[in-house]
Amino acid sequence: MTTPDARELDGLGALVRAVPDYPTPGVTFRDITPLLADAVAFNGAVDSLADLVAHHGPVDTVAGMEARGFVLGAALAVRLGVGFVPLRKAGKLPPPVESVTYDLEYGSATLEVRTGTVSPGSRVLIVDDVLATGGTAAAAVSLVGACGGDVVGAAFLLELDGLGGRDALSGLVVDSLLTVGS
Ligand SMILES: O=P(O)(O)OC[C@H]1O[C@H](OP(=O)(O)OP(=O)(O)O)[C@H](O)[C@@H]1O
Ligand SMILES: Nc1ncnc2[nH]cnc12
């Protein structure tokens, strides 16, 4: 594993495309697909995320939110040698499920987890690509908590500054590899 220096972080940041007025006017969408498509950058980002969360000590599970959280969460789970729990959008998982509805920067959504996937008392790390308002991550925290999981923290590839994400997750340890203004 490697700790990225400022130059490496700048390199990763340069592979996140800013798309003005998408998906709604006034929102600048941060598109991580160029970073994911670059083998060196994607590998480096996963290594750096693993370093960033090492202070938690061992975790039992990574939980990631559909859809972009699956990409980074599953890759990080493999790198950490732990299992992955998918937190899915409504109606995708067969019952029984636990569910929670939340607001987004551009709408609202429901997250679900299959009952029994999170072991009670297990140490769970929440992972997603972007922290914006924190609504998705807060929903993930409450979903995993409702299953009896012990959420040790949340980690993101990219934090959008100024949208209140950290405030929405107050009391939780939040790690972000990159930060940009919203
Ligand atoms: O902090 P928040 O304001 O909740 O926003 C962050 C969430 O928004 C995006 O997901 P989105 O719901 O757009 O779904 P996608 O991953 O399927 O594109 C992103 O991947 C995060 O999950
Ligand atoms: N501005 C944004 N760009 C990418 N993903 C997001 N999720 C919520 N807000 C976002």
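Every number for a ligand or one of its atoms is a count from 1 in the order of the listing. Since the structure is predicted, the reported quantities are computational estimates derived from the model, not experimental observations.
Applying the 4.0 Å criterion to heavy atoms of E66 picks out, from ligand 1, the atoms 16 (O), 17 (O). Of all the atoms in ligand 1, the ones that sit under 4.0 Å from a non-hydrogen atom of V130 are 6 (C), 21 (C). Remark: ligand 1 atoms within the under-4.0 Å shell around heavy atoms of D129 are 19 (C), 20 (O), 21 (C).
Scanning the protein for heavy atoms near atom 8 (O) of ligand 1, the closest one is L104 CD2, 3.6 Å. The protein atom (non-hydrogen) at minimum distance from atom 3 (O) of ligand 1 is T133 OG1, 2.5 Å. When only non-hydrogen protein atoms are considered, atom 13 (O) of ligand 1 lies nearest to Y106 OH, 2.6 Å. Atom 7 (C) of ligand 1 has as its closest protein heavy atom T136 OG1, 3.5 Å. Looking from atom 10 (O) of ligand 1 to the surrounding protein, the closest heavy atom is R68 NH2, 3.5 Å. The nearest protein atom to atom 21 (C) of ligand 1, hydrogens excluded, is given as D128 OD2, 3.1 Å; this is a heavy-atom distance. Looking only at protein heavy atoms, the nearest one to atom 14 (O) of ligand 1 is K89 NZ, 3.0 Å.
T117 has its side chain out of reach of E98: every pair of non-hydrogen atoms, C-beta onward, lies at least 4.5 Å apart. For the pair L111 and Y102, the minimum side-chain heavy-atom distance is below 4.5 Å. Using a 4.5 Å cut-off on side-chain heavy atoms (C-beta onward), F29 and P23 make contact. Between L158 and D129 there is no side-chain heavy-atom pair separated by less than 4.5 Å. A 4.5 Å side-chain heavy-atom check between D128 and T136 finds at least one atom pair inside the cut-off. Between F84 and L76, the closest side-chain pair of non-hydrogen atoms is not below 4.5 Å. In this structure, the side chains of L87 and E112 stay at 4.5 Å or more apart for every pair of heavy atoms.
A side chain to side chain donor-acceptor pair (under 3.5 Å) check over residues 143-152, counting only residues at least two apart or in different chains, returns nothing.
One hydrophobic cluster, built from ILVMFWY side chains closer than 4.5 Å, holds both L131 and V19.
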Could you tabulate the donor-acceptor pairs under 3.5 Å formed by side-chain atoms of residues 58-66, not counting sequence neighbours?
unit_1 : atom_1 : unit_2 : atom_2 : d
D60    : OD2    : R123   : N      : 2.7
E66    : OE1    : R88    : NE     : 3.0
E66    : OE1    : K89    : N      : 2.8
E66    : OE2    : R88    : NH2    : 3.0

For residues 169-182, run the donor-acceptor check on the side chains, cut-off 3.5 Å, and write out each pair with its distance to 0.1 Å, sequence neighbours left out.
unit_1 : atom_1 : unit_2 : atom_2 : d
D175   : OD2    : H55    : NE2    : 2.8
S176   : OG     : E159   : OE1    : 2.7
S182   : OG     : D161   : O      : 2.8

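Polar contact check, G69 against ligand 1: no nitrogen or oxygen pair lies under 3.5 Å apart.
Protein neighbours of ligand 2 below 4.0 Å, counting non-hydrogen atoms: V27, T28, F29, R30, R68, E105, Y106, V130, A132, L160.
A heavy-atom separation below 4.0 Å is not found between M65 and ligand 1. Judged by the shortest distance from any of its heavy atoms, G165 lies outside the 4.0 Å radius around the atoms of ligand 1.
Side-chain contact annotation: S99 with T110, donor-acceptor N/O pair under 3.5 Å absent.
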